[in-house]
Structure formats: C-alpha cells, structure tokens
Amino acid sequence: MKVQVLASVMNQSFDTIVSKMRLDSDAVIINQCDRLGMEEKEYNGHILRFFSFPDRGIGRSRNEAILRADGDICLFSDEDIVYEPGYAEAIIREFEQNPDADMILFNITIEKERRTYHISERKRVHWYNCGRYGAVSFAVKRESLLTSGVTFSLLFGGGARYSNGEDSLFLKEFMDKGYRVYTAPVTIGHEEAGDSTWFEGYHEKFFHDRGVLYRFLYGRWKSVMALRFLLAHRDKLCRDVSVKQAYGWMKDGMKESRNICA
C-alpha cells in the first residue's frame, strides 16, 4: 500500500517545497504560477512529480492532482503543511486496521484561532458533522475516489467566487454516494502559521458565503444548522456583529444559492 501526497501550492520551486513540507512519500505537486512545466525526481526512494500551471483556484488545482495520482492512498495537502516523521506509515496502519474505510480523516495541528476540529477518537463521520474538516485531513483510497467520480467544486475555495467550503462539499458528496469515512486520533503534521488565502475576518462576506455553502451542505436543514453554528461559536464569530446580523447575512446567502449550482 502506497501513500501519495497531492499538494496544491503557489509560486514554489520543487526543491524548496519538498524540504519545507518534509515529504517522505510519493507526491504529486500542483504549482499555481505563471508558466507551464513538469519535473520528476526521486527523493529518498520516493517519486515526486511537480506540475506548473498558470490556472488559479484551489478546487482546480486539487482536481489536476487527482487526475495525475497513481498511489493507493491519496493525501490532500497545501504548501503550509509540515509532516511528522513516519506520517505515511501511520496512515497505512490506520487503513490496515480499518479495511472498511474508504477515507480516513487525520489530525493536522493548527493554531487555536483557526482550528475547526480535533479528533480524539475513532468513529464514523456523518452528514451533520462533516463541515468542520479541512481537505488536508483527508486520506482517501484512490480506487474509491475514482469510482465515486467526486471532484472539488470550482465555485468554492481560494480563488473561487465563494471563499471556502470546497472540502466540506467534497466530503459530503463522497459520503452521499455511499462511501465510508472515519476519523483517526493520529496527528500527521502541522500547519505553519501565515496569512490565509481566503480568510479576512468575520464580516459580511464571510457569513454570506457560509450561507451559500450551508444550502448545498444541509439542504432543508440549512437554517437550523446555520443558527447552531452561530450559537456554538458566538464568542469567536460575533465579537463585532450580533448573532442576529450574522444570521441575516447567512440567510441572504441561502437565498442567493437558489439560483446557482455547486
């Protein structure tokens, strides 16, 4: 069983990103830049392929990586992820212990202010709690991924119309098609602190875009889940605006989403 990192990066060089991320497995790296190109190198016994494209958008970049993947397990990643020694072996071990899993979610240590989840037990993921996990926690069997036909939305995420949520939509669609997703309380890396490509604060656009996302994620339960989200995180989300105002902006996003397709 072989783990292959599928990384989306911007304006990076091959050697720099491999060293920075501490890659110790096969990898497909999609570099969003201003040129076209492809490099392949062997590093510590692993095959690393580096593709440069002038196209922009996190969804497009991840989809390009999926098209070029050939590993048994695909691990999605970004340029600010630094892996722990033995991460590939730890991932393989979890799949061997849970052969029913099509995808397993792992811990990536993130600074407290931006953290949306922490896995403390092994359990199955369901539609009502799939919105908290980022794509960098996803390790998925390539065969299941290709059979599902699921790809990342080009409407959500960095470089897209709506600021984030492509990972949640990907996860929900994958589960909606009958594939099994589990969590594992195993930390495989950490995120280096830095400026987010999409997050600019809890303002009108943040809540509006979240409202659009919730319509696609939760359907008829969108309003209930939006209110639950705001009340559960009001101390962080509503320091500068009221819960009522934030909820109103989310409702505006839900109304707009009636006219679009994810």
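On a predicted model such as this, the values are computed, not experimentally measured, just so you know.
- Heavy-atom neighbours of R228 CZ from other residues, nucleotides or ligands within 6.0 Å: at or below the threshold of 12.
- Annotation for S168 and L217: closest pair O-CD2, 3.6 Å, computed over non-hydrogen atoms.
- Note that CD1 of I188 and CG of N107 are 8.5 Å apart. Values are rounded to the nearest 0.5 Å.
- Rounding to the nearest 0.5 Å places CD of E166 at 11.5 Å from CG of L171.
- With values rounded to the nearest 0.5 angstrom, L231 atom CG is found 10.0 Å from H233 atom NE2.
- Residues R215 and K255 form no side-chain contact, since every pair of their non-hydrogen atoms from C-beta on lies 4.5 Å or further apart.
- Across every non-hydrogen atom of K172 and C130, the tightest pair is CB-SG, 4.0 Å.
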| task | Please lay out, stage by stage, how K2 and I73 fare under the test side-chain contact (heavy atoms from CB on, under 4.5 Å). | result | CA-CA 6 Å; K2 181 175 69 174; I73 300 171; over 6 Å; no
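- Under the 4.5 Å side-chain heavy-atom criterion for ILVMFWY residues, a single connected hydrophobic cluster contains both I108 and I17.
- The backbone N or O of A101 sits less than 3.5 Å from a side-chain atom of K141, completing a donor-acceptor pair.
- Ring geometry for F174 against F170 counts as parallel: the plane angle stays under 30°, on a 0 to 90° scale with 60° as the upper cut.
- Residue M225 comes nearest to Y128 through the heavy atom pair CE-O, 3.5 Å, listed as atom of the first residue, atom of the second, then distance.
- Not a single donor-acceptor pair under 3.5 Å links the side chain of E192 to the backbone N or O of V82.
- Counting only heavy atoms from C-beta outward, the side chains of Y247 and V241 never approach each other to under 4.5 Å.
- Following chains of ILVMFWY side-chain contacts shorter than 4.5 Å, one can reach M250 starting from V243, so the two form part of one hydrophobic cluster.
- Residue W221 places its CH2 atom among 12 or fewer non-hydrogen atoms of other residues, nucleotides or ligands, all under 6.0 Å distant.
- Summarising the local packing, CZ of R234 is surrounded by 12 or fewer heavy atoms from other residues, nucleotides or ligands at distances under 6.0 Å.
- A donor-acceptor pair under 3.5 Å is formed between the side chain of Q32 and the backbone N or O of G57.
- Scanning both residues, R56 and C33, for their nearest heavy atoms gives NH1-O, 2.7 Å.
- Residues Y83 and S25 fail the side-chain proximity criterion, which asks for heavy atoms closer than 4.5 Å.
- Side chain of N31 to backbone of Q12: a donor-acceptor contact under 3.5 angstrom is found.
- Ring centroids of F106 and Y87 are separated by 6.0 Å or more, keeping the two rings apart.
- With respect to the salt-bridge test (charged N to carboxylate O, under 4.0 angstrom), the residues R49 and D70 qualify.
- Under the 6.0 Å cut-off for aromatic ring centres, F76 and F152 qualify, their centroids lying closer than that.
- Contact record, S137 with G134: OG-O, 2.7 Å, taken as the closest heavy-atom pair.
- Around NZ of K41, the count of heavy atoms belonging to other residues, nucleotides or ligands within 6.0 Å exceeds 12.
- A 6.0 Å sphere centred on CG of D100 holds more than 12 heavy atoms belonging to other residues, nucleotides or ligands.
- W127 and Y117 are not part of a single hydrophobic cluster, where members link through side-chain heavy atoms under 4.5 Å apart.
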| request: Evaluate side-chain contact (heavy atoms from CB on, under 4.5 Å) for L169 paired with L213, printing each intermediate quantity in order. | output: CA-CA 8 Å; L169 290 170; L213 173 65; 3.7 Å; yes
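- In this structure, CD1 on I29 lies 10.0 Å from OG on S13, to the nearest 0.5 angstrom.
- In this structure, S77 OG and E191 CD are separated by 10.0 Å, a value rounded to the nearest 0.5 Å.
- Other residues, nucleotides and ligands contribute over 12 non-hydrogen atoms within 6.0 Å of the CD atom of Q97.
- Remark: Y182 pairs with no residue by the ring pair (Phe, Tyr, Trp, His ring centres under 6.0 Å) rule, at least two apart or across chains.
- Nearest heavy-atom pair, I58 versus S8, reported as atom, atom and distance to 0.1 Å: CD1-OG, 3.2 Å.
- F95 and L145 fall within a single hydrophobic cluster, where Ile, Leu, Val, Met, Phe, Trp and Tyr are joined by side-chain heavy atoms under 4.5 Å apart, directly or via other members.
- Following chains of ILVMFWY side-chain contacts shorter than 4.5 Å, one can reach I92 starting from L23, so the two form part of one hydrophobic cluster.
- Residues R210 and N164 have side chains in contact (heavy-atom distance under 4.5 Å, counting atoms from C-beta outward).
- Considering only heavy atoms from C-beta on, V224 stays 4.5 Å or farther from Y218 through its side chain.
- Not one N or O on the side chain of R22 forms a donor-acceptor pair closer than 3.5 Å with the backbone of V18.
- The shortest side-chain heavy-atom distance between F138 and L105 falls under the 4.5 Å cut-off.
- Summarising the geometry, atom CZ belonging to F50 is positioned 11.0 Å from atom CE belonging to M38; distances are rounded to the nearest 0.5 Å.
- Remark: the backbone N or O of S144 is not paired with any side-chain donor or acceptor of T147 at under 3.5 angstrom.
- The existence of a salt bridge linking E94 and R122 is confirmed by a sub-4.0 Å separation between a basic side-chain nitrogen and an acidic carboxylate oxygen.
- Looking at V125 and Y133, their side chains come closer than 4.5 Å, going by heavy atoms from C-beta outward.
- For the residue pair Y162/S153, the side-chain donor-acceptor check at 3.5 Å is not satisfied.
- Annotation: K123, atom NZ; neighbour count of heavy atoms from other residues, nucleotides and ligands within 6.0 Å does not exceed 12.
- Between D102 and R180 there is a salt bridge, since a side-chain N of the basic residue sits under 4.0 Å from a carboxylate O of the acidic one.
- L48 is not listed as a side-chain neighbour of V5, based on a closest heavy-atom distance of 4.5 Å or more.
- In the displayed structure, K244 atom NZ is contacted under 6.0 Å by at most 12 heavy atoms of other residues, nucleotides or ligands.
- Using a cutoff of 4.0 Å between basic side-chain nitrogens and carboxylate oxygens, R62 and D167 are not scored as salt-bridged.
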